[in-house]
Amino acid sequence: MKPILAFALAATLLFAASCSTNPVTGQSQLALVSESQEIEIGRQTAAAAEAQMGLVDDPALQEYVQRIGMVMARASERPELPWHFGVIDDPTPNAFAAPGGFIYVTRGMLSLMNNEAELATVIGHEIGHVTARHSVAMISRQQLAQIGLGLGSVLSPEIAQLGELASAGLSMLFMSYGRDAERQADDLGFGYALAQGYDVSQMTDVFASLQRIGEASGRSPVPAWMSTHPYPEERIVRIQNRLAGATLPLGARAGEDEYMARVDGLPYGENPRNGYFENTRFVHPDMRFQVNFPQGWMTQNMAQAVMAGSPDQDAIVQLSLAKGTPQEAAAAFLGQQGITAGPVNTRSVNGLNAATAEFQAQTEQGALAGAVSFITLDEHTFGIVAYTGADRLPKYAAAFQGVFDSFGRLTDPQALAVQAPRLSVMRTPRAMSLQQFNASYPSTIPLDELALVNQLVDGSALIPAGAHVKRVVN
């Protein structure tokens with residue numbers, strides 16, 4: 001059989017065997033991923049997201065968001081999924097859905113919203129991505145494209161391995177679905193929130209705030225909403241048109257009082273208790289350590305690790321927690337398959353017990369070389385792994401050693417006592433402008449940012465007496 005005919009036949013048989021009915025549209029849909037696989041991919045992605053980015057340590061807030069999401073999810077077209085909703089501890093405004101019903105909003109997104117109706121429409125939008133199986137369709141298209149590219153047959157059993165399907169890791173959370181999928185998710189979220197009696201007109205306020213904030217900056221591992229949710233002004237117009245043409249009575253439920261009570265005290269912006277950079281020095285008040293990274297390197301503080309990359313992007317240093325004593329941790333790391341280890345040197349680093357060794361490893365990209373240092377501070381053992389291409393180790397050896405030698409106990413009282421800025425919600429004692437409010441009850445953020453947090457145009461905006469206003473305090 002000619003190769004092109006074989007491919008055509010295989011693709012035809014595959015398409016016929018793998019079509020399913022879309023729960024939302026009722027139409028046939030290409031689905032190379034079963035529902036059980038979809039759920040498992042989502043479960044793995046959610047676990048990675050929570051581990052790498054962390055959850056807000058506020059059980060009442062987590063339960064609140066879970067409750068709002070579950071009510072809408074159970075009334076959706078896919079109520080049987082193992083739905084899970086959570087708040088990621090990240091200041092970047094975003095919300096995202098992993099396959100199978102695992103949905104998250106960031107605390108940065110919560111800080112921009114003013115009531116439960118807004119939150120419900122955002123969560124409803126993400127539920128829509130799951131119920132319409134947008135991620136399943138995208139994965140299926142990618143797998144089908146691999147046939148045409150000669151990268152492997154989707155008819156083989158290997159393609160069903162969950163490890164392969166989930167190999168994209170957290171990128172699964174940040175996939176861009178395209179305009180049609182975003183429109184459909186908007187419409188579905190609108191409907192889910194409306195069915196629960198929410199004032200869905202609040203949906204346009206969320207989009208307006210996100211449009212104003214634009215691309216978020218900083219070291220966040222979470223992309224800004226704008227980069228993962230393509231957003232033309234048309235989306236606000238579409239929602240307004242839907243509001244005007246709604247056949248069901250519009251809900252009046254805003255839920256402002258309970259929402260404001262839940263976000264009162266929420267950390268705002270970067271939380272220094274989770275560690276922060278002062279130029280090249282990284283400080284962690286809760287774990288009481290400090291470490292210096294090389295000058296000019298790009299740095300990233302994540303929930304599970306602190307990373308630094310060289311300006312030429314050819315060397316990496318990673319700091320994370322390890323298990324056991326320094327000697328046990330070193331033995332576990334150096335004993336991994338594929339690693340050739342040098343002798344372990346037990347020594348003292350700034351009065352702390354440490355075990356250090358050089359290593360080499362062979363990868364598909366070539367030979368790597370580097371060094372590791374495991375150091376105990378109080379009840380924790382920290383591992384610092386530094387590596388580069390084997391031929392470039394002489395270039396970076398001194399920089400790696402400098403990081404190892406700089407690790408030590410944090411003793412600076414000011415750094416140890418630093419606290420995260422937090423939202424503080426209060427009611428205005430009288431009618432006043434935001435500028436007047438800020439003069440009487442100062443915030444630690446600029447006036448234009450305070451206006452954004454409160455969904456006001458600028459500092460001259462008038463606030464009625466008794467209205468909720470968010471401020472940011474240390």
Side-chain angles (χ1 to χ4, degrees), residues 18-50 62 65-88 94-106 109 119-143 162 165-166 168-196 198 200 203 206 222-223 225 228-230 235:
S18 58
C19 282
S20 63
T21 301
N22 186 288
V24 168
T25 65
Q27 300 174 351
S28 293
Q29 176 187 35
L30 175 66
L32 303 182
V33 180
S34 69
E35 183 170 275
S36 62
Q37 290 175 324
E38 176 191 2
I39 291 170
E40 187 57 30
I41 293 169
R43 200 184 305 279
Q44 293 180 16
T45 304
E50 293 187 11
Q62 298 290 352
V65 171
Q66 173 78 6
R67 173 163 48 86
I68 291 170
M70 286 302 296
V71 170
M72 292 188 290
R74 284 174 176 155
S76 74
E77 295 83 353
R78 304 183 72 186
E80 75 290 346
L81 291 178
W83 293 95
H84 172 76
F85 302 84
V87 183
I88 291 289
N94 208 347
F96 36 79
F102 301 86
I103 291 173
Y104 297 93
V105 295
T106 62
M109 177 67 87
L119 176 59
T121 59
V122 167
I123 293 176
H125 173 102
E126 301 304 331
I127 291 175
H129 280 310
V130 176
T131 56
R133 304 195 80 193
H134 290 155
S135 58
V136 170
M138 183 170 291
I139 294 170
S140 299
R141 287 194 298 270
Q142 291 172 347
Q143 299 297 342
L162 296 172
L165 294 175
L170 294 184
S171 64
M172 186 71 64
L173 293 175
F174 309 132
M175 59 178 61
S176 179
Y177 295 108
R179 291 178 184 267
D180 288 343
E182 294 297 337
R183 292 188 188 104
Q184 186 179 38
D186 283 348
D187 292 343
L188 289 168
F190 182 102
Y192 297 147
L194 179 60
Q196 301 304 319
Y198 285 110
V200 288
M203 196 172 191
V206 178
V222 182
W225 172 282
T228 55
H229 295 72
R235 292 178 78 179

Looking at every heavy atom in both [X] and [Y], which two are closest together, and how far apart are they?
X      : Y      : result
Trp83  : Val130 : CH2-CG1, 3.5 Å
Pro82  : Arg43  : CG-NH2, 4.1 Å
Val200 : Leu194 : CG1-N, 3.5 Å
Leu81  : Gly100 : CB-O, 3.7 Å
Ala49  : Ile88  : O-CD1, 4.2 Å
Met72  : Ala120 : CE-O, 3.3 Å

Less than 4.5 Å apart, side chain to side chain, heavy atoms only: is that true for [X] and [Y]?
X      : Y      : result
Thr45  : Phe96  : no
Glu126 : Phe85  : no
Leu188 : His129 : no

Using the test side chain to side chain donor-acceptor pair (under 3.5 Å), find all partners of [X] that sit at least two apart in sequence or belong to another chain.
X      : result
Gln196 : none
Thr121 : none
Gln66  : none

So, taking the atom named [atom1] in [X] and the one named [atom2] in [Y], what distance separates them when rounded to the nearest 0.5 Å?
X      : Y      : atom1 : atom2 : result
Ile41  : Glu38  : CD1   : CD    : 7.5 Å
Asp187 : His125 : CG    : NE2   : 10.5 Å
Ile127 : Ile103 : CD1   : CD1   : 5.0 Å
Arg74  : Glu80  : CZ    : CD    : 12.5 Å

- Message: Set out, in order, the CA-CA distance, both residues' side-chain angles and the distance that settles side-chain contact (heavy atoms from CB on, under 4.5 Å) for Met109 and Thr106, then state yes or no.
- Response: CA-CA 5 Å; Met109 177 67 87; Thr106 62; 3.6 Å; yes
Does the pair Tyr104 and His84 meet the rule for a side-chain contact (heavy atoms from CB on, under 4.5 Å), with working shown? CA-CA 8 Å; Tyr104 297 93; His84 172 76; 3.6 Å; yes
Margin query: Could you go through Tyr198 and Leu119, starting from their C-alpha distance and side-chain angles, then the distance that decides it, and tell me whether this counts as side-chain contact (heavy atoms from CB on, under 4.5 Å)?
Written below: CA-CA 10 Å; Tyr198 285 110; Leu119 176 59; over 6 Å; no
_Main chain of Arg78, side chain of Thr131: is a donor-acceptor contact present, judged purely on distance under 3.5 Å?_
no
